[in-house]
Novice: 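Pasting in a structure now, in structure tokens, and then I'll have a few things to ask.
Each chain gets a letter, A, B and so on, in the order the sequences are listed, and its residues count up from 1. A quick note: this is a predicted structure, and the numbers were derived from the prediction, not measured.
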Amino acid sequence: MSLTDGAVRSFPAGTSLGEVAQKISPRLGREAVAAVVDGEPVDLAFHPPDGASVRFVTLEEAEGLEVLRHSTAHLLAEAVMHLHPGAKLGIGPAIEHGFYYDFDLPVSLTLEDLPAIEAEMRRLAGERQPFNREELSTAEAVELFRQAGQPYKVELIEDLAKQGAGRVSLYRQGDFVDLCRGPHVPDTGWIRAFKLTSVAGAYWRGDSRRPMLQRIYGVAFAKQSELETHLKMLEEAAKRDHRKLGRELDLFSVQDEGPGFPFFHPKGMIVRNVLEDFWRELHRKRGYQEIKTPIILNEGLWHRSGHWDHYRENMYFTVIDGQNYAVKPMNCPGAMLLYRRRIHSYRDLPLRLAELGLVHRHELSGVLHGLLRVRCFTQDDAHLFMTPGQIQREIEGVIDLTDYVYRLFGFEYHVELSTRPENAMGDPKLWEQAEAALAQALQAKGLLYKINPGDGAFYGPKIDFHLRDCLGRTWQCGTIQLDFQMPERFDLTYVGEDGQKHRPVMVHRVVFGSIERFIGILTEHFAGAFPLWLAPVQVKVLPVTPAAADYGEQVATALEEAGLRAEVDGRNEKIGYRIREAQLEKVPYMLVVGEKEAASGTVAVRTRNGGDQGVRPLEEFTRQAAEEARSRSLESTACGRAGRD
RNA sequence: GCCGAUGUAGCUCAGCCGGUAGAGCAGCGCACUCGUAAUGCGCAGGUCGUCGGUUCGAGUCCGACCAUCGGCUCCA
């Protein structure tokens with residue numbers, strides 16, 4: 001057989017991969033969990049055919065961890081079957097960081113049940129039960145699971161049979177058997193570093209019309225230390241939760257009187273306005289014109305746009321003077337009306353109309369989540385009208401803009417291309433054209449992208465930008481959607497060079513996505529310690545004693561004149577106390593001023609991360625802080641030495 | 001919307017088997033006049049998510065509803 005390093009080695013027929021690994025090196029024999037033979041993942045118990053190409057997989061690799069996590073799911077199922085013998089099994093795959101398994105049980109599980117299940121898993125792991133693979137015809141497998149009282153497994157096998165599978169594989173460990181493609185780790189003794197984390201409801205096969213099963217989630221890693229690192233990361237994420245920080249920093253709130261309709265407090269409004277000012281500046285520079293379209297528009301418009309047929313479930317309606325109106329869930333129809341107001345020449349195109357548009361969508365109550373999932377939000381929208389020949393250049397322009405914005409905040413991102421969904425509007429040929437145009441722009445920009453078949457909007461395919469925050473979590477924000485339908489429906493035209501009417505192409509796009517969601521993400525990304533340009537209070541002036549109060553006011557005035565947001569905390573409290581409060585508010589700079597500073601026109605600079613930075617002339621600090629804010633830097637440069645927050 | 005959990009002061013949380021509510025922080029007042037993450041003392045603050053039921057009596061038991069949290073489905 002040939003190995004990954006190019007070596008070709010021979011072994012007696014009937015040698016298992018486990019034995020091969022052992023012969024290659026004792027270390028590989030210890031570390032291999034599975035292998036890939038001629039491109040197919042297999043167990044170490046597999047006997048490779050003559051001339052096979054073999055690659056061993058260890059827990060160092062993502063593939064190996066996936067095998068381990070999948071095996072852990074089986075172990076979980078075995079433990080649950082022991083504790084609840086009548087349980088019906090759903091599915092149990094590996095997921096990012098861990099695994100889950102779905103069960104249909106007569107009793108509801110709660111968090112308190114998890115320790116007992118986990119203990120049983122550890123006991124079974126201690127027995128080092130081997131995972132044994134066997135293959136059966138689908139008919140035999142159906143019979144086996146029917147007798148075992150496992151209807152969900154029977155359904156799965158019957159579906160596999162319908163798709164043409166003649167045989168299926170099963171895995172047994174101990175007294176547990178499961179339908180499974182494999183591969184698995186050699187025995188349950190490999191499963192050590194894991195923890196059951198939560199229990200939740202989940203529809204069978206993700207279909208809300210089918211029974212709800214109980215899903216147990218867990219995490220699993222190669223080593224205990226990695227598990228602990230991961231659990232620490234979760235704790236860190238909980239500390240950064242924007243709902244918690246939003247309350248502590250007094251940025252925003254959601255109240256019982258308006259579920260999903262967030263309130264922005266004065267400090268949150270500063271962050272929001274700074275972001276919007278930045279957005280306006282950016283769009284002005286890039287040839288966009290800003291518009292504002294109404295929030296409530298006649299229902300007829302929504303019939304015409306296709307929203308009535310495709311989006312009604314998510315919309316709010318109202319009646320005015322006996323006429324039906326809808327609250328807009330999207331901004332595009334308003335932009336259509338604006339475009340249609342007058343005749344356009346090809347010379348006007350591309351026409352870029354940007355709108356910070358407040359939209360309302362009826363989201364299911366169970367999905368609401370702080371600022372990240374709400375029922376009203378402001379899209380930093382734009383509708384670009386163009387000739388077909390301008391498509392690629394315009395899309396590239398939006399990609400550049402998005403890239404610029406995400407980098408500024410220190411986000412990395414990846415891109416996905418979503419294609420025609422089932423409820424799509426319009427001619428499939430137009431869809432193909434639109435999909436090709438998006439793919440072409442991505443390729444021209446040299447971006448790697450993943451394809452999500454069937455995930456497009458009902459009016460067109462889209463490019464989604466998923467940004468990655470400092471904890472490695474990804475969030476969908478920006479999207480670029482190409483639309484041939486809406487111009488058709490609204491009969492939009494432009495007069496071409498030939499004097500004839502032509503149909504423009506439209507692009508919908510957002511960069512932040514939703515201002516509300518973006519603020520939520522920024523809050524978590526920066527753990528509430530916003531870079532200077534975004535911080536609600538940029539500098540806090542702390543007079544040591546009332547004797548320095550006047551000087552403190554002078555300092556604050558100088559800062560404000562330089563365009564900085566400064567506050568004086570001259571309360572009758574000890575300086576340590578006021579510093580502590582400013583720290584907790586995550587104010588970027590604290591200026592401690594006493595008689596010495598007042599006498600010399602200086603300030604003692606303190607940063608929220610670096611502590612006391614020493615005394616500097618007021619004028620110098622002010623100038624540097626203003627520059628730091630102006631340049632929208634992520635570094636604290638105004639303390640005299642550079643340092644990333 | 002569905003499954004499960006939770007809901008006591010602005011925040012974090014006590015409150016046993018039903019006997020009529022408590023702490024710390026925050027707030028307010030007074031004293032201290034202070035140099036880089038919490039000065040001391042005092043005061044005030046709750047129709048115990050809402051509505052209904054059981055009971056002599058409900059924060060505690062039961063039911064419905066509302067909201068939140070973790071998921072599912074859906075999405076910016």
Side-chain angles (χ1 to χ4, degrees), chain A residues 100 102 104-105 107-113 197-217 238 241 243-244 247-248 250 253-260 311 313-314 329-331 357 359 361-381 455 457 462 464-465 475-479 481 508-518 520-521 542-548 572-585 590-597 604-608 610-615:
Chain A
Y100 67 78
D102 289 344
D104 192 347
L105 289 170
V107 294
S108 339
L109 296 173
T110 68
L111 231 42
E112 282 89 72
D113 296 311
T197 51
S198 64
V199 46
Y203 297 114
W204 168 237
R205 306 189 113 177
D207 185 338
S208 54
R209 288 163 305 191
R210 314 229 33 201
M212 169 126 339
L213 309 182
Q214 302 189 60
R215 176 171 297 177
I216 298 176
Y217 282 93
D241 191 310
R243 292 166 298 185
K244 179 172 142 69
R247 190 178 53 237
E248 288 171 359
D250 204 14
S253 60
V254 188
Q255 322 232 2
D256 281 6
E257 288 78 359
Y311 211 72
E313 299 299 303
N314 286 297
M330 295 187 195
N331 302 302
V359 297
R361 298 183 182 176
H362 180 72
E363 300 291 344
L364 296 177
S365 59
V367 307
L368 303 177
H369 183 96
L371 290 182
L372 301 182
R373 199 59 194 280
V374 292
R375 284 179 170 157
C376 76
F377 56 99
T378 306
Q379 291 184 304
D380 65 316
D381 216 342
D455 242 11
K462 56 179 186 170
D464 292 323
F465 291 82
W475 310 90
Q476 200 216 290
C477 289
T479 158
Q481 309 181 346
H508 313 242
R509 50 105 277 193
V510 289
V511 181
F512 293 145
S514 124
I515 305 280
E516 291 79 1
R517 179 180 281 186
F518 201 73
I521 295 167
L542 306 170
V544 178
T545 62
N572 186 13
E573 294 289 349
K574 291 179 84 168
I575 190 71
Y577 179 84
R578 285 174 287 150
I579 284 172
R580 179 181 150 81
E581 293 223 322
Q583 287 281 153
L584 293 174
E585 285 169 37
M590 285 152 265
L591 301 182
V592 176
V593 295
E595 291 176 39
K596 283 179 282 183
E597 288 77 16
V605 180
R606 181 186 168 94
T607 65
R608 60 189 164 197
D612 191 354
Q613 304 290 315
V615 174

Novice: Does B:rC2 have OP1 or OP2 sitting under 4.0 Å from an N or O in the side chain of A:S208?
Specialist: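 For B:rC2, neither OP1 nor OP2 has a side-chain N or O of A:S208 closer than 4.0 Å.
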
Novice: Expressed as a whole number of Å, how far does the C1' atom of B:rG45 sit from that of B:rU8?
Specialist: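 Approximately 14 Å lies between the C1' atom of B:rG45 and that of B:rU8.
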
Novice: Is any side-chain heavy atom of A:P543 closer than 4.5 Å to one of A:R578?
Specialist: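 When only atoms from C-beta onward are counted, A:P543 and A:R578 do touch, with a gap below 4.5 Å.
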
Novice: So, is A:T110 near the phosphate of B:rG4, with a side-chain N or O under 4.0 Å from OP1 or OP2?
Specialist: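 No.
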
Novice: By the 4.0 Å heavy-atom rule, please label A:E595 as base, sugar-phosphate, or nothing.
Specialist: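 It contacts base atoms.
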
Novice: Name the nucleic acid region contacted by A:A582, choosing base, sugar-phosphate or nothing; use a 4.0 angstrom heavy-atom cut-off, strictly under.
Specialist: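 It contacts nothing in the nucleic acid.
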
Novice: Side-chain donor or acceptor of A:Y203 under 3.5 Å from a matching atom on the base of B:rG1?
Specialist: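 Indeed there is one.
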
Novice: Taking B:rC41 as the reference, what is the distance to B:rG53 when you measure between their P atoms (whole Å, please)?
Specialist: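 Taking atom P in both B:rG53 and B:rC41, they lie 48 Å apart.
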
Novice: Distance check: side-chain N/O of A:Y577 vs OP1/OP2 of B:rC32, anything under 4.0 Å?
Specialist: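 No, A:Y577 has no side-chain N/O under 4.0 Å of OP1/OP2 on B:rC32.
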
Novice: Would you state whether a donor and an acceptor, one from the side chain of A:R375 and one from the base of B:rC75, lie under 3.5 Å apart?
Specialist: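 Donor-acceptor pair under 3.5 Å: no.
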
Novice: Can you pull out the residues from residues 509-516 of chain A that lie within a 4.0 Å heavy-atom distance of RNA chain B?
Specialist: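 Those residues whose heavy atoms fall under 4.0 Å from RNA chain B, taken from residues 509-516 of chain A in numerical order, are A:G513, A:S514.
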
Novice: Side-chain N or O of A:R247 less than 4.0 angstrom from OP1 or OP2 on B:rU12?
Specialist: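 It does, given that an N or O in the side chain of A:R247 lies less than 4.0 Å from OP1 or OP2 of B:rU12.
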
Novice: Answer with base, sugar-phosphate or nothing: what part of the nucleic acid does A:Q583 contact at a heavy-atom distance below 4.0 Å?
Specialist: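 Base, at least one base heavy atom under 4.0 Å.
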
Novice: Would you indicate, yes or no, if B:rC11 has its OP1 or OP2 atom less than 4.0 angstrom from a side-chain nitrogen or oxygen of A:R243?
Specialist: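 No, outside the criterion.
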
Novice: Which atom pairs, one a donor and one an acceptor, fall under 3.5 Å between side chains of residues 363-370 of chain A and the rest of the protein, sequence neighbours left out?
Specialist:
residue, atom, partner, partner atom, Å
A:E363, OE1, A:R373, NH2, 2.6
A:H369, ND1, A:R243, NH1, 3.3

Novice: For B:rA76 and B:rA37, measure between their C1' atoms and round to the nearest Å.
Specialist: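 Looking at atom C1' only, B:rA76 and B:rA37 are 39 Å apart.
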
Novice: Report yes if a side-chain nitrogen or oxygen of A:H369 is closer than 4.0 Å to either non-bridging phosphate oxygen (OP1 or OP2) of B:rG71; otherwise report no.
Specialist: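 A:H369 to B:rG71 OP1/OP2: no side-chain N or O under 4.0 Å.
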
Novice: Does the side chain of A:Y217 get closer than 4.0 angstrom to OP1 or OP2 of B:rC72 through an N or O atom?
Specialist: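 Checking A:Y217 against B:rC72: at least one side-chain N or O falls below 4.0 Å of OP1 or OP2.
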
Novice: What does B:rA64 pair with, Watson-Crick or G-U, if both distances are under 3.5 Å?
Specialist: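 Its partner is B:rU50 (Watson-Crick or G-U wobble, both distances under 3.5 Å).
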
Novice: If you measure from the P atom in B:rC25 to the same atom in B:rA21, how many Å do you get, rounded?
Specialist: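 Per the computed distance, 23 Å lies between those P atoms.
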
Novice: Is there a side-chain polar atom (N or O) of A:K244 under 4.0 Å from OP1 or OP2 of B:rC11?
Specialist: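 Answer is no, no contact under 4.0 Å.
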
Novice: Considering only heavy atoms from C-beta outward, does the side chain of A:M330 approach that of A:Y311 to under 4.5 Å?
Specialist: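 Yes, side chains in contact.
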
Novice: Considering only the P atoms, how many Å lie between B:rG27 and B:rC74, rounded to the nearest integer?
Specialist: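 It comes out at 47 Å once rounded to the nearest Å.
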
Novice: When rounded to the nearest Å, what value does the distance between C1' atoms of B:rG52 and B:rU47 take?
Specialist: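 Here B:rG52 and B:rU47 have their C1' atoms 16 Å from each other.
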
Novice: What is the pairing partner of B:rC16, taking Watson-Crick or G-U wobble pairs with both distances under 3.5 Å in any strand?
Specialist: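 Answer to the pairing question: none, since B:rC16 forms no Watson-Crick or G-U pair.
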
Novice: For atom C1', what is the distance between B:rC66 and B:rU50, given to the nearest Å?
Specialist: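 One C1' to the other, the span is 7 Å.
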
Novice: Using a 4.0 Å heavy-atom cut-off, does A:G576 contact any base of the nucleic acid, only the sugar-phosphate backbone, or nothing at all?
Specialist: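 Here A:G576 touches the backbone only, sparing every base.
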
Novice: Quick one: A:K574 NZ to B:rA31 P, roughly how many Å, whole number?
Specialist: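 Roughly 18 Å, once rounded to whole Å.
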
Novice: Do A:C477 and A:F465 have side-chain heavy atoms sitting under 4.5 Å apart?
Specialist: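 A side-chain contact under 4.5 Å is absent here.
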
Novice: Scan every strand shown for a Watson-Crick or G-U wobble partner of B:rG10, both distances under 3.5 Å, and answer none if you come up empty.
Specialist: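 Base-paired to B:rC25.
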
